[in-house]
Amino acid sequence: MPELPEVETVRIGLNQNTLGWQIEGGEVLLPRAIAYPDHPEAFLAAMLGQEFTEWQRRGKYLIASLSKGHKLGVHLRMTGSLLWCDRHEPVGKHTRVRLFVKEKTSSKKQKTSHPKELRFDDQRTFGKVWWVPSDQPTESVITGLQKLGLEPFDPEFTPAHLSTKLSRSGRPIKTVLLDQEIVAGIGNIYADESLFLSKIHPQLPANSLTSAQVEALHQAIIRALSDGIAKGGTTFSSFQNIAGIKGNYIDTAWVFRRTGQPCNICGTTIIRIKLGGRSTHFCPQCQSAIAKDGKN
DNA sequence: AACCTGACCTGATCGC
DNA sequence: TGCGATCAGGTCAGGT
């Protein structure tokens with residue numbers, strides 16, 4: 001799930017469901033899923049009585065504002081998911097952390113809602129959860145935030161900015177796009193998709209792109225990520241449901257995981273290579289290795 | 001600084 | 001069918 005569009009989809013779902021709910025307990029089934037504090041008991045004790053105020057996203061990180069300036073951070077890594085479910089839903093094999101919540105009845109309304117739960121499932125156990133005390137800077141606890149590049153939807157993320165970043169590296173452009181210090185939030189799906197949309201060969205050295213190519217890539221990144229968000233990412237579409245329902249970006253992917261299938265533009269067979277240890281999918285015809293100048 | 005590799009994990013699928 | 005190899009949407013530490 002977890003590239004920017006998926007995390008953004010999750011964030012929207014969390015904001016639609018969890019605000020005004022208060023944590024009244026929890027359970028940590030996998031202690032190392034809690035990145036801070038060291039002991040799960042300390043984590044649960046800190047969470048007790050906290051209410052969700054707002055969920056924000058930075059790159060692929062989710063950050064919830066809680067009561068009194070405290071925060072909760074979550075990174076889904078490869079296989080993590082956050083589920084808003086009924087508390088009596090049986091835990092799965094991959095359930096790692098559970099936060100029991102009750103609706104805070106601000107007025108005199110009756111409590112009709114069933115007890116709910118914010119559940120962190122994660123098959124491969126790479127995902128992390130942080131408690132961020134109000135007296136500590138968020139990035140000193142969630143250290144991965146420190147070196148994140150600009151958000152792709154930040155007005156400061158311009159072709160000129162991207163060009164500066166790319167000029168400092170001779171690595172393949174695909175590999176550089178996965179570097180969170182360049183642009184925050186791009187992962188393997190949207191790196192491949194952005195390169196297809198901008199007709200750039202994934203192996204081109206980042207610092208060899210022409211200004212026209214950088215401009216095309218800048219636009220393609222924004223478009224690919226926007227399209228992903230519009231489709232609800234690739235795994236989630238809703239938090240109303242108990243289980244994560246599949247988003248459908250993958251059905252409209254241009255190249256990602258389409259090895260052996262015809263390019264939707266030219267019909268050439270999509271190929272897969274390995275770059276920086278990651279699968280890379282592209283159209284050898286549309287994404288020619290020769291840097292051509294001009295408009296896209 | 002830039003870049004590379006391996007490590008962290010579980011489970012599904014590939015290839016002979 | 002069996003079984004080792006590979007693959008999976010991501011970082012992070014440690015080395016050159």
Side-chain angles (χ1 to χ4, degrees), chain A residues 1-11 29-36 57-62 73-82 92-97 120-130 139 141-149 164-196 203 205-208 221 224-225 227-229 231-237 244-260 272-281:
Chain A
M1 303 123 249
E3 293 182 42
L4 187 153
E6 291 73 38
V7 177
E8 180 65 11
T9 301
V10 171
R11 185 188 74 82
L29 293 91
L30 182 74
R32 67 184 149 70
I34 309 297
Y36 187 89
R57 181 190 56 72
R58 178 75 175 96
K60 300 170 193 170
Y61 290 83
L62 282 164
V74 178
H75 197 300
L76 304 172
R77 292 288 181 90
M78 297 283 267
T79 54
S81 60
L82 283 173
K93 196 198 292 189
H94 304 122
T95 301
R96 309 305 184 195
V97 181
F120 178 60
D121 276 23
D122 187 17
Q123 187 214 111
R124 292 177 71 184
T125 75
F126 292 160
K128 295 291 179 199
V129 177
W130 298 260
E139 62 278 10
V141 178
I142 309 176
T143 52
L145 293 171
Q146 288 168 14
K147 298 203 288 181
L148 283 187
T164 303
K165 291 277 195 179
L166 298 184
S167 69
R168 294 203 272 260
S169 175
R171 296 138 88 203
I173 182 62
K174 159 64 187 277
T175 303
V176 172
L177 285 179
L178 293 178
D179 183 341
Q180 301 299 292
E181 294 183 40
I182 308 296
V183 189
I186 300 175
N188 211 33
I189 299 174
Y190 300 95
D192 283 1
E193 296 291 285
S194 297
L195 289 171
F196 176 83
Q203 277 176 310
N207 57 13
S208 76
I221 288 169
L225 295 172
D227 286 355
I229 293 170
K231 298 267 197 259
T234 62
T235 306
F236 281 84
S237 66
I245 288 199
K246 288 180 194 295
N248 42 27
Y249 180 83
I250 201 74
D251 300 334
T252 56
W254 294 97
V255 289
F256 188 76
R257 292 211 191 164
R258 293 196 64 241
T259 312
R272 184 180 70 141
I273 60 173
K274 194 82 118 173
L275 283 183
R278 312 296 301 276
S279 275
T280 297
H281 318 73

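Here is how names work: the chains are called A, B, and so on, in the same order as the sequence lines, proteins then strands, and each is numbered from 1.
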- With respect to the phosphate group of dC7(C), does any side-chain polar atom (N or O) of R272(A) fall under 4.0 Å of OP1 or OP2? yes
- Should K128(A) be listed as having a side-chain N or O under 4.0 Å from OP1 or OP2 of dT11(C)? no
- Message: Please confirm whether the shortest side-chain N or O distance from Q180(A) to OP1 or OP2 of dT11(C) is below 4.0 Å.
- Response: yes
- Message: Taking only side-chain N and O atoms of S169(A), does any of them lie within less than 4.0 angstrom of OP1 or OP2 on dC3(B)?
- Response: yes
- When you measure from the side chain of S279(A), which nucleotide among dC7(C), dC9(B), dC3(B) comes out closest? dC7(C)
- Task: Please answer whether the main-chain N or O of R57(A) pairs with a side-chain N or O of E8(A) as donor and acceptor at a distance below 3.5 Å.
- Result: no
- Message: On the nucleotide dG10(C), are OP1 or OP2 found under 4.0 Å from the side-chain N or O atoms that R278(A) carries?
- Response: yes
- Note on the structure: Annotated structure of DNA chain B as dot-bracket, pair cut-off 3.5 Å, Watson-Crick or G-U only, | for inter-strand, is .|||||||.|||||||
- Message: Looking at R171(A) and D179(A), is any side-chain nitrogen of the basic one under 4.0 Å from a carboxylate oxygen of the acidic one?
- Response: yes
- Query: When rounded to the nearest 0.5 angstrom, what is the spacing between CG in L195(A) and CD in Q203(A)?
  - Reply: 11.5 Å
- Query: Has H75(A) got a side-chain N or O lying under 4.0 Å from the OP1 or OP2 atom of dT11(C)?
  - Reply: yes
- Describe the nucleic acid contact of K274(A) in one word from base, sugar-phosphate, nothing, applying a heavy-atom distance below 4.0 Å. sugar-phosphate
